[in-house]
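Heads up, the thing below is written out as structure tokens.
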Amino acid sequence: MTDGIAWDPLHRELDRWQAAGRVARFWLRDDDAVEPTPALETLMTLAGQSEVPLTLALIPGLTGEALAARLAEEAAVAVAVHGWSHTNHAGPEAKKQELGGDRPADVVLGELGEGFRLLERLHPARFLPVLVPPWNRIDAALIPALPALGFAALSVYGRAKQDGPMPLLNAHVDIIDWHGTRGGRSEADLVAELRHRFAGSDEPVGVLTHHLVHDAAAWDFLSALFAVTGRHPGVRWSPASELLGP
């Protein structure tokens with residue numbers, strides 16, 4: 001039930017925002033898209049029915065014309081650059097990372113530039129100059145070079161730092177339980193995390209999904225979230241392009 005006790009903490013937080021004359025902003029980022037699939041259709045249908053703008057982080061080295069043709073029909077879908085091939089180049093004892101210091105910087109930046117140009121060509125009306133690093137990790141030494149490649153913002157995970165080398169448009173709440181079931185996390189835990197992310201911050205809260213691994217719990221949570229927020233006058237689901245500013 002979308003109006004059950006589990007959602008009360010978020011309801012109360014959103015009510016506080018509305019009473020203070022503030023708008024609680026959400027945005028939706030989904031990672032790892034490469035081709036049309038039934039799961040992607042489900043995600044786009046769900047978001048479209050709820051009028052939730054969707055940003056797809058596409059893997060340039062694995063995608064092509066088929067997805068470009070499908071997304072050409074979707075005015076509310078934007079496309080960001082998800083690394084190059086989502087390949088782990090870190091050592092066996094290190095956390096997974098494609099955009100790390102394990103390879104020469106010119107090689108990594110060359111791949112990112114190629115990915116940028118490819119997605120810009122394939123999705124001219126949907127393309128956002130935003131880099132979404134695979135596994136939300138990137139070597140800090142690479143970031144100052146990103147604007148020269150055309151990137152306007154970086155999207156990783158967690159509350160954005162205000163003094164970084166380039167603008168951040170981050171995701172904050174991942175609905176997948178990667179270290180347990182690898183399916184959807186519990187509704188109560190996700191609602192509590194969403195409420196916590198809104199408390200004390202005006203930063204738009206990014207909801208992170210991975211349509212290719214969604215189970216029934218993940219789809220049910222998204223449906224409930226869209227229903228609850230869609231009925232609340234203090235909420236706005238924003239397109240990423242709007243959050244990037246001019």
Which side-chain N or O atoms in residues 49-65 pair as donor and acceptor under 3.5 Å with protein atoms at least two apart or in another chain?
unit_1: Ser50; atom_1: OG; unit_2: Leu46; atom_2: O; d: 3.3
unit_1: Thr63; atom_1: OG1; unit_2: Val34; atom_2: O; d: 2.7

Would you give me the side-chain donor-acceptor pairs under 3.5 Å for residues 15-22, sequence neighbours excluded?
unit_1: Asp15; atom_1: OD1; unit_2: His232; atom_2: NE2; d: 2.7
unit_1: Arg16; atom_1: NE; unit_2: Glu13; atom_2: OE1; d: 3.4
unit_1: Arg16; atom_1: NH2; unit_2: Glu13; atom_2: OE1; d: 2.5
unit_1: Trp17; atom_1: NE1; unit_2: Glu13; atom_2: OE2; d: 3.1
unit_1: Arg22; atom_1: NH2; unit_2: Asp202; atom_2: OD1; d: 2.5

ring-ring contact (aromatic ring centres under 6.0 Å, His included) partners of residues 33-82, not counting sequence neighbours, each pair once: His82-His86
Of all residues at least two apart in sequence or in a different chain, which pass the side chain to side chain donor-acceptor pair (under 3.5 Å) check with Arg117? none
Is it true that Phe226 and Phe221 have ring centroids separated by less than 6.0 Å? no
Atom pair CH2/CG of Trp84 and Leu112 - distance to nearest 0.5 Å: 10.0 Å
Under the side chain to side chain contact (heavy atoms under 4.5 Å, CB included) test, which residues partner Asp102, sequence neighbours left out? Ala90
Grab the two heavy atoms, one from Leu40 and one from Glu35, that are nearest each other, plus how far apart they are. CD2-O, 3.9 Å
Examine the side chains of Glu203 and His172 and answer whether a donor and an acceptor come within less than 3.5 Å of each other. yes
With Asn88, which residues qualify under side chain to side chain donor-acceptor pair (under 3.5 Å), at least two apart? none
Quick one: salt bridge (Lys or Arg N to Asp or Glu O under 4.0 Å) partners of Arg197, sequence neighbours excluded? none
Tell me every residue that passes side chain to side chain contact (heavy atoms under 4.5 Å, CB included) with Pro129, counting only those two or more places apart in sequence or in another chain. Phe116, Phe127, Ala152
Under a 3.5 Å threshold, yes or no: a donor from one side chain and an acceptor from the other, between Asp30 and Thr209? yes
How would you list all residue pairs meeting side chain to side chain donor-acceptor pair (under 3.5 Å) that involve residues 89-98, not counting sequence neighbours? Ser85-Glu98
Please enumerate all residues that pass side chain to side chain donor-acceptor pair (under 3.5 Å) together with Glu120, with sequence neighbours excluded. none
Scan side-chain atoms only and decide if Trp219 and Thr42 contain a donor-acceptor pair under the 3.5 Å cut-off. no
Using a strict cut-off of less than 4.0 Å between a Lys/Arg side-chain nitrogen and an Asp/Glu carboxylate oxygen, indicate whether Glu41 and Arg70 qualify as a salt bridge. yes
Non-neighbouring partners of Glu242 that pass side chain to side chain contact (heavy atoms under 4.5 Å, CB included), sequence neighbours left out: Arg236, Ser238, Pro239
Under the side chain to side chain donor-acceptor pair (under 3.5 Å) test, which residues partner Asp31, sequence neighbours left out? Arg29
Leu131 side, atom CG; Leu149 side, atom CG - distance, nearest 0.5 Å: 9.0 Å
